Number of protein chains: 2
Amino acid sequence: MLSAVSTEPVLVLVSAPTEGEPVAGPGFALADPTVPHLDVNDLGAVRGDGVFETIGVIDGHPQALDAHLLRFARSAAQLELPAPRLDVWREAVLAAVEAARSAGTLAAEAGAKTVLTRGVEGTGVATGWVRLSAAPDMSTARRDGVRVITLDRGFPADVAQRAPWLLQGAKTLSYAINMAALRHARSRDADDVIFVSSDGAVLEGPTANVLVRIGDEVITPPTDQAILAGTTQARAFDFFAGRGLRTSERRLGVAELADADGLWLTSSVRLVVPVTTLDGVACAVDADLTEGLLRHLRTVTD
Amino acid sequence: MLSAVSTEPVLVLVSAPTEGEPVAGPGFALADPTVPHLDVNDLGAVRGDGVFETIGVIDGHPQALDAHLLRFARSAAQLELPAPRLDVWREAVLAAVEAARSAGTLAAEAGAKTVLTRGVEGTGVATGWVRLSAAPDMSTARRDGVRVITLDRGFPADVAQRAPWLLQGAKTLSYAINMAALRHARSRDADDVIFVSSDGAVLEGPTANVLVRIGDEVITPPTDQAILAGTTQARAFDFFAGRGLRTSERRLGVAELADADGLWLTSSVRLVVPVTTLDGVACAVDADLTEGLLRHLRTVTD
């Protein structure tokens, strides 16, 4: 384990983020994170027109890096951005981690955010960067859990298939709704949100996937609904399978959550938090399984 | 009329964009538009977490400036941002126009974009700027019209009332869906889009309001549906009323568009364009009314 230093932000600007830009040298370079680098007319800033990933970096290892980069490329394709140069992005993430490590400022838990935008309006040149920063302290939420409310996402569960222009399932920079949902939760004395489709299917959290244990089955909603494929959720399924539980992706009605023997939110930096109340009603919390899952997510590298 | 020069971009950074920031001097200053001013961790850039307005500037006059600023403040309130200092923003817009005018680079038609973001993550300090730039040449679209397709917005028409966290009716920086809808239109050999609610109500365009004439009535969908109040649409209604037409805000079923005697998209910079085909079917085009409306929008200041 690295010491409990707080990672100073590290910034890597990616000059060759997609196949639309020529590669010079490695295609990226370290930059000063304390000065501005973005044009006010970048379409990421004025249209939320871009995609991102947040990769957990544990003890210096970027977890599920390839899975994140593949999802990054899928999101970019949904937005009809040029294909990201995944080899450049992979090296850029590793360079950011290495820069923090060699500066002696890499915390045990950090997060690397990769951002690709459509670039400055009118130029046709995409913008890309990686920013590494310390993870916030999530020990209380991981141990004591979170209070969650369900909120209507407004869309039917099959919207991604019939209306691809709504970009459901893409991890875009247009996250104002996700942020508003979290503010709404706080205004109702809760910590987080599970979005529900207009036809009653459990979807995802604003920044997390949902996992439910019912008996010996652990379920997550399928990605053909309007949700993101979870990289941490996939790693959690490995853990549950190792414990002899069945894992499945299937549609979950919101009423099924009331019968859950365990309910979790998973995400790349927070890893896993148990849900303790749902819409004000106490949930079954499996402390042993939660602790084992957290240990798995913190120690098993991939 | 000003000469047909192309407005060089003018940038004004707003240092006191909301009541959360202290005012020093006028609260804004001209800045070099050719260098970066935004932090990569600005929540506008990484979360689309902010609001904007685009104000048409015609012959040096920012049209409907107060109406735009009031809508800007309403959008900010929906996002629970601190209240924008509208007096500072008004002066900042006028300063941008004056800078272009005194440089001799103000085109007859320009656009001023005001942007307010939640600022750099963790600082609690909002970011604001005004960017003035030349309007693109829209003479062809205004004269020959646009081919439009209808696209499902996925939400029912009453979603804004029952799910305020979905931010419908706020003009946010999270516009990736709007941009994707326009790309989808181009892929289907069309120029623009009219969004329709999942329950069949006409809503708005990705960057425009919809106006329909049926007989002696001109109709626009009501803002209690999940749409923006149109500043240009309001100015257009003044024109239609002056021509003896009844104007009304009411729910419009998508089937009613087939019976239209005139169908237009209005927006602040493009002003008005007639819709010539809807989902591939020719629309009635009222060239006289369109020409009169365009003249009104270009010449009557407010």
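Note that the coordinates shown come from a computational prediction; the quantities given were computed from them, not determined experimentally.
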Participant: Specify which of L167(A), I177(A), V40(A), V35(A) makes the most heavy-atom pairs with chain B at under 4.5 Å.
Facilitator: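 Most heavy-atom pairs within the cutoff with chain B belong to V40(A).
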Participant: Please find the pair of heavy atoms, one from A185(A) and one from I149(A), that lie closest to each other, and give the distance.
Facilitator: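 Nearest heavy atoms, A185(A) then I149(A): CA-CD1, 3.7 Å.
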Participant: Would you mind checking which part of V115(A) comes under 4.5 Å of any heavy atom in chain B, side chain (CB onward), backbone (N, CA, C, O), both or neither?
Facilitator: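 Just its side chain gets close to chain B.
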Participant: Which atoms form the tightest heavy-atom contact between A100(B) and V10(B), and what is the distance?
Facilitator: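 In this case the closest contact between A100(B) and V10(B) is CB-CG2, 3.9 Å.
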Participant: Counting heavy-atom pairs under 4.5 Å with chain A, which one of P164(B), A45(B), A180(B) comes out on top?
Facilitator: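 Counting heavy-atom pairs under 4.5 Å, the top option is A45(B).
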Participant: Do you know the tightest heavy-atom contact between A76(A) and V51(A)?
Facilitator: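 A76(A) and V51(A) have their closest heavy atoms at N-CG1, 3.9 Å.
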Participant: Taking all non-hydrogen atoms of both residues into account, name the closest pair between G205(A) and V210(A) and its distance.
Facilitator: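 Where G205(A) meets V210(A) most closely, the heavy atoms are N-CG2, 4.1 Å.
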Participant: Do I194(B) and L265(B) come within less than 4.5 Å of each other through their side chains, counting heavy atoms only?
Facilitator: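 SC-SC contact between I194(B) and L265(B) confirmed.
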Participant: Inter-chain polar pairs, chain B versus chain A: which donor-acceptor atoms lie under 3.5 Å apart?
Facilitator:
unit_1, atom_1, unit_2, atom_2, d
H37(B), N, L38(A), O, 3.1
L38(B), N, L38(A), O, 2.9
L38(B), O, H37(A), N, 3.1
L38(B), O, L38(A), N, 2.9
R47(B), O, Y175(A), N, 3.0
R47(B), O, A176(A), N, 3.1
G48(B), N, L173(A), O, 2.9
L79(B), O, R183(A), NE, 3.4
L79(B), O, R183(A), NH2, 3.0
D152(B), O, W165(A), NE1, 2.8
D152(B), OD2, R162(A), NH1, 3.1
R162(B), NH1, D152(A), OD2, 3.1
W165(B), NE1, D152(A), O, 2.8
L173(B), O, G48(A), N, 2.9
S174(B), OG, Y175(A), N, 3.3
S174(B), OG, A176(A), N, 3.0
Y175(B), N, R47(A), O, 3.0
Y175(B), N, S174(A), OG, 3.3
A176(B), N, R47(A), O, 3.2
A176(B), N, S174(A), OG, 3.0
R183(B), NE, L79(A), O, 3.4
R183(B), NH2, L79(A), O, 3.1

Participant: Can you find a pair of side-chain heavy atoms, one from V88(B) and one from P17(B), that are under 4.5 Å apart?
Facilitator: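 SC-SC contact between V88(B) and P17(B) ruled out.
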Participant: What is the distance from atom CG of L11(B) to atom CG of L30(B), rounded to the nearest 0.5 Å?
Facilitator: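 L11(B) atom CG to L30(B) atom CG measures 8.0 Å (nearest 0.5 Å).
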Participant: Run L166(A) and F155(A) through side-chain contact (heavy atoms from CB on, under 4.5 Å) and show every step you take.
Facilitator: CA-CA 10 Å; L166(A) 298 178; F155(A) 294 135; 3.7 Å; yes
Participant: Under 4.5 Å heavy-atom distance to chain B, tell me which part of L43(A) shows up: side chain, backbone, both or neither.
Facilitator: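 Neither part; nothing is under 4.5 Å.
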Participant: Do you know which of P33(B), A163(B), G48(B) has the most heavy-atom pairs with chain A at a distance under 4.5 angstrom?
Facilitator: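 Top option by heavy-atom pairs under 4.5 Å: G48(B).
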